[in-house]
Amino acid sequence: MKVNCGALRLADAGSHVELNGWMNRRRDHGGLIFVDVRDRDGVTQIVFDPKHPSFALAETLRHEDVLRVRGAVRRRPAGTENAKIETGEVEVAADELEVLSRSLVPPFQVNLDEDVDENLRMQYRYLDLRRPRMQRNLTIRHKIVKAIRDFFDSRNFLEIETPLLVKSTPEGAREYLVPSRIHPGSFYALPQSPQILKQILMIAGFGRYMQIARCMRDEDLRADRQPEFTQLDVEMSFVSQDDVLEIMESAMIFVWQQALGIPAPGPFPRYRHEEVLARYGTDKPDLRFGLELVDVKETFRATEFKVFRDQAESRGGAVIAVRYPGGATLSRRDFDGLTELAKQLGAKGLVWIALASDGVKSPVSKFLSDADVAAVAGALAAQTGDALLLFADERARALDVSGRMRNEIGSRCNLRDPGRFAFAWVTDFPLFEVDPDTGKPAPAHHPFTAPNDDQWELLESDPLAMRAQHYDLVLNGFELGSGSIRIHKPDFQRKIFAMLGMSDEEIEERFGFFIRALDYGAPPHGGMALGIDRIAMLAAGEENLREVIAFPKTQVARDLMMDAPTPVPERLLRDLSLKSTAPPPKD
RNA sequence: GGCGCUGUAGCUCAGUUGGUUUAGAGCGCCGCCCUGUCACGGCGGAGGUCGAGGGUUCGAGCCCCUUCAGCGUCGCCA
């Protein structure tokens, strides 16, 4: 009977089995050899007896050799059980040993999870993936995806694939382009998301669509951003925003239950965009800890401290305060470091107030009355022993810096409980934001997002005041994804494109196919897309996406195992009517 | 494109204000011994362009410049 290396239990004693796997560890006692065989499911101890013909071969086994063993399962002698492994009550007495494949000495130890240089891990990814951490992470990822498919199937969704070779629509993220051989000089783009196609599937009458969809964006990488990534893409017809939130929230709760066995983390709190910015200084707050921001500008309307008074008197100004628990014991040098950090984050400066047990300390204490300090401390519910950090600036900037500083404090004070999953919805985003490059309104999300139903008349008079039926799902300080109710009336969609400065010709050229589809009876619809990689990363307790992706790219978007990208022979370029203008490679 | 961190044995790391001879440790590797181990144990051994190039210096793993790679971050990610 063929069994995996994690299967055998006491009840199997007496049966004859075949095990296939890798040589995880050998303990050679001279007169007796123990070999642990490993596969994805676990590890089983094999015993080689010196009287047996396979003993000599067992002596030659080395790390990562691939073997097949047949033998009898037996209970381990009393006192030699190993409680640390699942199969620890039994062992297999080797009867037959076959070495299926030999391994070179691996460049790092595969049977350990010790930290190894990322260069090496990526170059020898197949060995890295054999290690316990990656086996575990990819297993979690599989369970997540399986739970997602099960959930949406049970809710009558259809998984439909959309193409990878699509039309270039050069808004938003930079696209990866694919040259067409058959149409010289023309290009496909790889999808940034299947957005328009899923909307067309709604027009096509599928009603409830989902897809585990690969997306590509040619932008710079981060710990939480890879150039290709996987989305749970969802779209539904005849729904309101609440319908979408209900489905997605239920899906996440189901996933956590199924994949992690963790009780439902819901219901998810909901915040309006404006509110979440004011309280946390970001639209993706880590809600595992409090430390809410407070605008204390009113306290300083009449202060002698000019930096604060200027912002307090200015209509767009703010003085944002955040509490640093236990911060009163920090040294002046520590505060200097914080100030430096704040400046790097974009602050003009930082004013700190230490509520020390022997009195209030601050570099600007001569400007601060006792009443001022008491007011700020009260607003932040601060106590003796805490420090208060204040940022005076134009409101948006002050909030942004304070929000980042809040995260920093959260890390320094160890407030991020790794076992907690704090989901939250953010709703009521603005439909447009001012593009800092052009000074003109640009879609905050994408141009297919519907505004609140009663706000269309604002499109000409005050577009920046329009709120969108757009929502984000946030988990532990990461944006898991966004969605919206879409525009389903072609004339409204045309108005938005026009408002964004597109001529009729441009609209036709870029989105003609889509507008035409809207012309043929488009149902009201909306949906959402969530980053599967980020979900898996957070569920696995990892801090970067590479730990939950089998073959990820490095920070400069290279694959170190395959060594991609590479130049290609001239002949291939000719077939594609391409000519490289890149400088010749140096070395 | 900017800022920061890292690079010393196969791996993980230590290496003092620039000067101690032969640049160390643990793991791994190789050999021998070992019948109940499970991170087995014991004895012995091999293994280093200190990422690369240049400079300062009587002298550089350590200081300076350039460069490569990886990581983090800002910009960027409709």
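In what follows, every chain begins at residue 1, and chains take the letters A, B, ... in the order their sequences are listed.
Remark: A/T554 is in phosphate contact with B/G70, judged by side-chain N or O atoms under 4.0 Å from OP1 or OP2. Taking side-chain N and O atoms only, A/R121 has no distance below 4.0 Å to OP1 or OP2 of B/C11. Here A/R174 does not reach the OP1 or OP2 of B/C76: none of its side-chain N or O atoms lies under 4.0 Å away. Between A/H63 and the phosphate of B/C29, there is a side-chain N or O to OP1/OP2 separation shorter than 4.0 Å. Contact annotation: A/R27 side-chain N/O to B/U37 OP1/OP2 distance is not under 4.0 Å. Between A/K51 and B/U35, a side-chain N or O to OP1/OP2 separation shorter than 4.0 Å is absent.
Counting distance only, with no hydrogens placed and no angle test, the side-chain atoms of A/R225 and the base atoms of B/C76 include a donor-acceptor pair under 3.5 Å. Side-chain to base pairing of A/N544 with B/G72: no donor and acceptor N or O lie closer than 3.5 Å to each other. Remark: the A/Q344 side chain and the B/G4 base include no donor-acceptor N/O pair separated by less than 3.5 Å. At a cut-off of 3.5 angstrom, the base of B/U73 holds no donor-acceptor pair with the side chain of A/R404. Side-chain to base pairing of A/E91 with B/G36: one donor and one acceptor N or O lie within less than 3.5 Å of each other. Under 3.5 Å, the side chain of A/R217 and the base of B/C77 form no donor-acceptor pair of N or O atoms. No hydrogens or angles were tested; on distance alone, a donor-acceptor pair under 3.5 Å links the side chain of A/Q45 to the base of B/U37.
In this structure, B/G45 forms a base pair with B/C29, meeting either the Watson-Crick or the G-U wobble geometry with both donor-acceptor distances under 3.5 Å. Pairing for B/U57 is absent, with no Watson-Crick or G-U wobble pair whose two atom distances lie under 3.5 Å. Both distances falling under 3.5 Å, in either a Watson-Crick or a G-U wobble arrangement, place B/G7 opposite B/C68. Under the Watson-Crick and G-U wobble criteria, each requiring two contacts below 3.5 Å, nucleotide B/U16 is left unpaired.
You can call A/H29 stacked on the base of B/C40; the centres are under 5.5 Å apart and the planes sit within 30°.
Taking atom C1' in both B/C30 and B/U16, the straight-line distance is 35 Å, to the nearest Å. Taking the P atoms as reference points, B/G44 lies 25 Å from B/A39, given to the whole Å. Using C1' as the reference atom, B/G54 and B/G48 are 22 Å apart when rounded to the nearest Å. B/G51 and B/G61 have their P atoms separated by 10 Å, with the value rounded to a whole Å. Taking atom C1' on both B/G45 and B/G4, the two are 43 Å apart, rounded to the nearest angstrom. Using atom P as the reference point in both B/G15 and B/G47, the two lie 26 Å apart (nearest Å). Here, B/U57 and B/A52 have their P atoms 23 Å apart, quoted to the whole Å. On the P atoms, B/C5 is 27 Å away from B/G10, given to the nearest whole Å.
Listed nucleotides: B/C71, B/G36, B/U12. Nearest to the side chain of A/R76: B/G36. The A/R74 side chain lies nearest to B/G36 when the options are B/U12, B/C29, B/G36. Checked against B/G28, B/G70, B/C40, the side chain of A/V105 finds its nearest nucleotide in B/G28. Listed nucleotides: B/A69, B/A39, B/U73. Nearest to the side chain of A/Q555: B/U73. Of the candidates B/G75, B/C38, B/G28, B/G28 carries the atom nearest the A/Q109 side chain, counting heavy atoms from C-beta on. For A/V116, the listed nucleotide lying nearest its side chain is B/C11; candidates were B/G70, B/G36, B/C11.
A/P447 and A/I487 make their closest contact through O-CD1, 3.8 Å (heavy atoms, listed as atom of the first residue, atom of the second, distance).
At a threshold of 4.0 angstrom between heavy atoms, the contacts of A/D28 include nucleobase atoms, whether or not backbone atoms are also involved. Backbone-only engagement by A/D115 is indicated by non-hydrogen atom pairs under 4.0 Å involving sugar-phosphate atoms exclusively. Residue A/E479 is classed as having no contact, given no heavy-atom separation below 4.0 Å to the nucleic acid. Among the atoms of the strands shown, only primed sugar atoms or phosphate atoms (P, OP1, OP2) are found under 4.0 Å from some heavy atom of A/R62. Note on A/P443: only backbone sugar-phosphate atoms sit closer than 4.0 angstrom, heavy atoms only; bases stay farther off. Using a 4.0 Å heavy-atom cutoff across all strands shown, A/V43 reaches no nucleic acid atom at all. Among the atoms of the strands shown, none is found under 4.0 Å from any heavy atom of A/R26. If you check every strand for non-hydrogen atoms under 4.0 Å, A/L112 touches nothing. Using a 4.0 Å heavy-atom cutoff across all strands shown, A/A223 reaches sugar-phosphate atoms only and no base atom.
Taking atom CZ of A/F34 as the reference point, atom P of B/C34 lies 16 Å away to the nearest angstrom. Rounded to whole angstrom, the span from the CG atom of A/D220 across to the P atom of B/C71 amounts to 12 Å. Remark: C1' of B/G72 and CD of A/E118 are 11 Å apart, rounded to the nearest angstrom. Here B/G28 presents its C1' atom at 15 Å from CG of A/D65, a figure rounded to the nearest Å. Rounded to an integer number of Å, the gap from A/N407 CG to B/G72 C1' is 15 Å. Atoms NZ (A/K553) and P (B/A69) sit 17 Å apart, rounded to a whole Å. Distance CD1 (A/I33) to P (B/G41): 16 Å, rounded to an integer number of Å. As rounded to whole Å, 13 Å separates atom C1' of B/G75 from atom CZ of A/R397.
Note: A/Y126 and A/Y124 have perpendicular aromatic rings, judged against thresholds of 30 and 60 degrees for the angle between ring planes. Ring geometry, A/F497 versus A/F511: the interplanar angle falls under 30°, so the pair is classed parallel (tilted spans 30 to 60°).
If A/N119 and A/G88 are placed on RNA chain B by their nearest nucleotide, the residue sitting closer to the 5' end is A/G88. Projected onto RNA chain B by closest heavy-atom contact, A/S193 and A/G30 fall at different nucleotides, the more 5' of which corresponds to A/G30.
Within a 6.0 Å sphere centred on CD of A/E86, other residues, nucleotides and ligands contribute 12 heavy atoms or fewer.
A distance-only check finds no donor-acceptor pair linking the side chain of A/R68 to the backbone of A/V99 [under 3.5 Å]. Judged purely by atom type and a 3.5 angstrom limit, A/R131 uses its side chain to pair as donor or acceptor with the backbone of A/E114. With hydrogens and angles ignored, the 3.5 Å screen pairs no side-chain donor or acceptor of A/Y188 with any backbone N or O of A/S168. In this structure a side-chain-to-backbone donor-acceptor pair under 3.5 Å is present from A/D12 to A/R9.
Between A/E228 and A/R214 there is a salt bridge, since a side-chain N of the basic residue sits under 4.0 Å from a carboxylate O of the acidic one.
Residues A/C5 and A/W22 have side chains not in contact (no heavy-atom distance under 4.5 Å, counting atoms from C-beta outward).
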